[in-house]
Amino acid sequence: MFRKVSQYIKENNLIEDGDRIVVGVSGGADSVCLLHLLHGLYREKPVELIVVHINHGIRGKDADMDEQFVRKLSESIGTGYYGFHFEVKEKAAKEGLSEEEAGREVRYQAFLEICERHGCNKIAIAHNKNDNAETVLFHLFRGSGMKGLSGIDPIRTVETAKGKVSIIRPLLFTSREEIEAYLQEKNYIYRTDMTNWSDAYSRNKLRNRVLSYVTSEINKNAVSHVTEAASSISEAERYIGKQVSICLTRIVKREDSARCFKVEELRKEDIVIQKGIIMKILEELSGSRKDLELIHVQAVLSLYDKQVGKLVNLPYGICAVRKYHSICLSCDNMMDEYDRIEPSESVRINIPGKTYLKNNKQILETEIIKYEKSKSFPKNSCTKWFDYDKIENTVELRTRREGDYLQINAQGGCKKLKDYLIDVKIPVRER
């Protein structure tokens, strides 16, 4: 085990000289094994380990005993130690989270706090092969795409206020059985969390019912086969990700906070690339991958053949809208900007003079200039020219009304403003 872990760390560039590493230790078999192995591998090298333990406020005296055990263990091997107390049940109820989600949040909150306090650049977590298989199945049953089915990465980098921190998983290649066998061989003591056998949590159900049944009744190597499949999916996902990034740069246009693409242009790409680009857009706009599923990508694809103005609402307040030739995705508060405009009162324009437009918080300035046939009008995008003899001091500014029309030729031909806007393909939300 010692040699295998060392080799795995080297192959994946998980630890280097000079690293300061927060080690998450619950007191269970996996994290105790991780701490002993890292201590053995790096006690004579310029690598610092700091143990962090979190009491979730759920298991009463058992949790207190776990905390005492981890503190004594860290003292015995000479590492720094920090303990944190959180009331996870209260947090979950208050924020509408599952206890699993709330627990994960407080753990990483604690890990990152110690990283900032002590300048640590890595966090070591004791995820193993069984955890990886459970994660893949969990994502599969929830309807995840390739990214979710590729499992847990051995290393992942997160941005913090004080720089980048890498989350490393040196035991990801080992099974739970191998870990327990190693601890028994070395006579290392660890604590057993009895809630692991409870089916109150989703992951426990996967572990105790699904994987337990599959390994005993279908194939004893099921866990390894799931993680091997996840590894193959991960390789494919990385390649597809590169192609998606190339196409995204070429096809997707940024319009302020919106992301827009021409339907026919994206349609030319393979469906895998189409889905990948849409998922990438959703990730960019939301800043997260959590709660984004294939069903949301399909909802955007469904707009291909919908009429102009149709929209779908997506997680994180994202809205996708079908325009004449394109689809635009943005946050709801940006996409419905035009819907919130209320019809304004008519404003009579002072000619010549200045008129304050309170709705726009702008000033419109007009002047009258005598026209000479030889004189050309200066071109300026902020200036418009009209024949004052024809408008006769009746210029008003207002939003459009039902029945508005334009005179479109010298013979007095007219056209409804609504029809004109449709003909020049002004999106319905902007009219």
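All values below were derived from every heavy atom in this structure, side-chain atoms included, with hydrogens, water molecules and symmetry-related copies excluded.
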Quiz prompt | Carboxylate-amine/guanidinium proximity below 4.0 Å for Arg250 and Glu269 | solution = yes
Quiz item: Gln407 side chain to Asn409 main-chain N or O, any donor-acceptor pair under 3.5 Å?
Solution: yes
Quiz prompt | Spatial distance of atom OG1 (Thr160) from atom CG (Asn121) [nearest 0.5 Å] | solution = 10.5 Å
Exercise. Would you check if the side chain of Thr355 reaches a backbone N or O of Asn350 as a donor-acceptor pair within less than 3.5 Å?
Key: yes
Quiz item: Is it the case that Gln274 and Tyr304 place a side-chain donor and acceptor less than 3.5 Å from each other?
Solution: yes
Quiz item: Are Arg176 and Asp131 close enough for a salt bridge, meaning some N to O gap below 4.0 Å?
Solution: yes
Practice problem: Examine the side chains of Tyr82 and His118 and answer whether a donor and an acceptor come within less than 3.5 Å of each other. | Solution: yes
Practice problem: State plainly whether the residues Asp404 and Lys418 are in salt-bridge range, i.e. N to O under 4.0 Å. | Solution: no
Quiz item: NZ of Lys45: more than 12 outside heavy atoms within 6.0 angstrom?
Solution: no
Quiz item: For the side chain of Asn12 and the backbone of Leu14, is there at least one donor-acceptor N/O pair under 3.5 Å apart?
Solution: no
Quiz item: Is Cys319 close enough to Cys331 that their SG atoms are under 2.5 Å apart?
Solution: no
Quiz item: How far apart are the C-alpha atoms of His85 and Glu67, what are their side-chain angles, what is the distance that settles it, and do they pass the side chain to side chain donor-acceptor pair (under 3.5 Å) test?
Solution: CA-CA 10 Å; His85 286 245; Glu67 185 176 359; 2.9 Å; yes
Exercise. Output yes when a side-chain donor or acceptor of Glu217 lies under 3.5 Å from a complementary backbone atom of Val214, and no otherwise.
Key: no
Quiz item: Taking atom CG of Asp30 and atom OG1 of Thr174, what is their separation to the nearest 0.5 Å?
Solution: 7.5 Å
Quiz prompt | Modelled atom types, side-chain donor and acceptor of His325 and Glu265, under 3.5 Å | solution = no
Quiz item: Should Glu113 and Arg117 count as an ion pair when the cut-off is N to O under 4.0 Å?
Solution: yes
Quiz item: Are Glu264 and Arg267 close enough for a salt bridge, meaning some N to O gap below 4.0 Å?
Solution: yes
Quiz item: Can you tell me if Arg322 uses its side chain to pair, donor with acceptor, with the backbone of Leu303 under 3.5 Å?
Solution: yes
Practice problem: Using modelled atom types only, decide if a donor and an acceptor are shared between the side chain of Asp19 and the backbone of Ile21 within a distance under 3.5 Å. | Solution: no
Quiz item: Looking only at side chains, do Gln7 and Glu11 share a donor and an acceptor under 3.5 Å apart?
Solution: yes
Quiz prompt | Donor-acceptor contact present, side-chain Asn208 to main-chain Lys205, <3.5 Å | solution = no
Self-check item: Polar side chain donor-acceptor pair, Glu178 to Ser175, under 3.5 angstrom
Solution: yes
Quiz prompt | Salt bridge Lys129-Glu177, side-chain N to carboxylate O under 4.0 Å | solution = no
Quiz item: Is there a donor-acceptor contact under 3.5 Å from the side chain of Ser31 to the main chain of Ser26?
Solution: yes
Quiz item: Side chain of Asp153, backbone of Ile155: donor and acceptor closer than 3.5 Å?
Solution: no
Exercise. Take the angle between the ring planes of Tyr108 and Phe111 and call it parallel below 30°, perpendicular above 60°, tilted in between.
Key: perpendicular
Quiz item: Is Thr249 reaching over with its side chain to a backbone N or O of Ser245, donor-acceptor style, under 3.5 angstrom?
Solution: yes
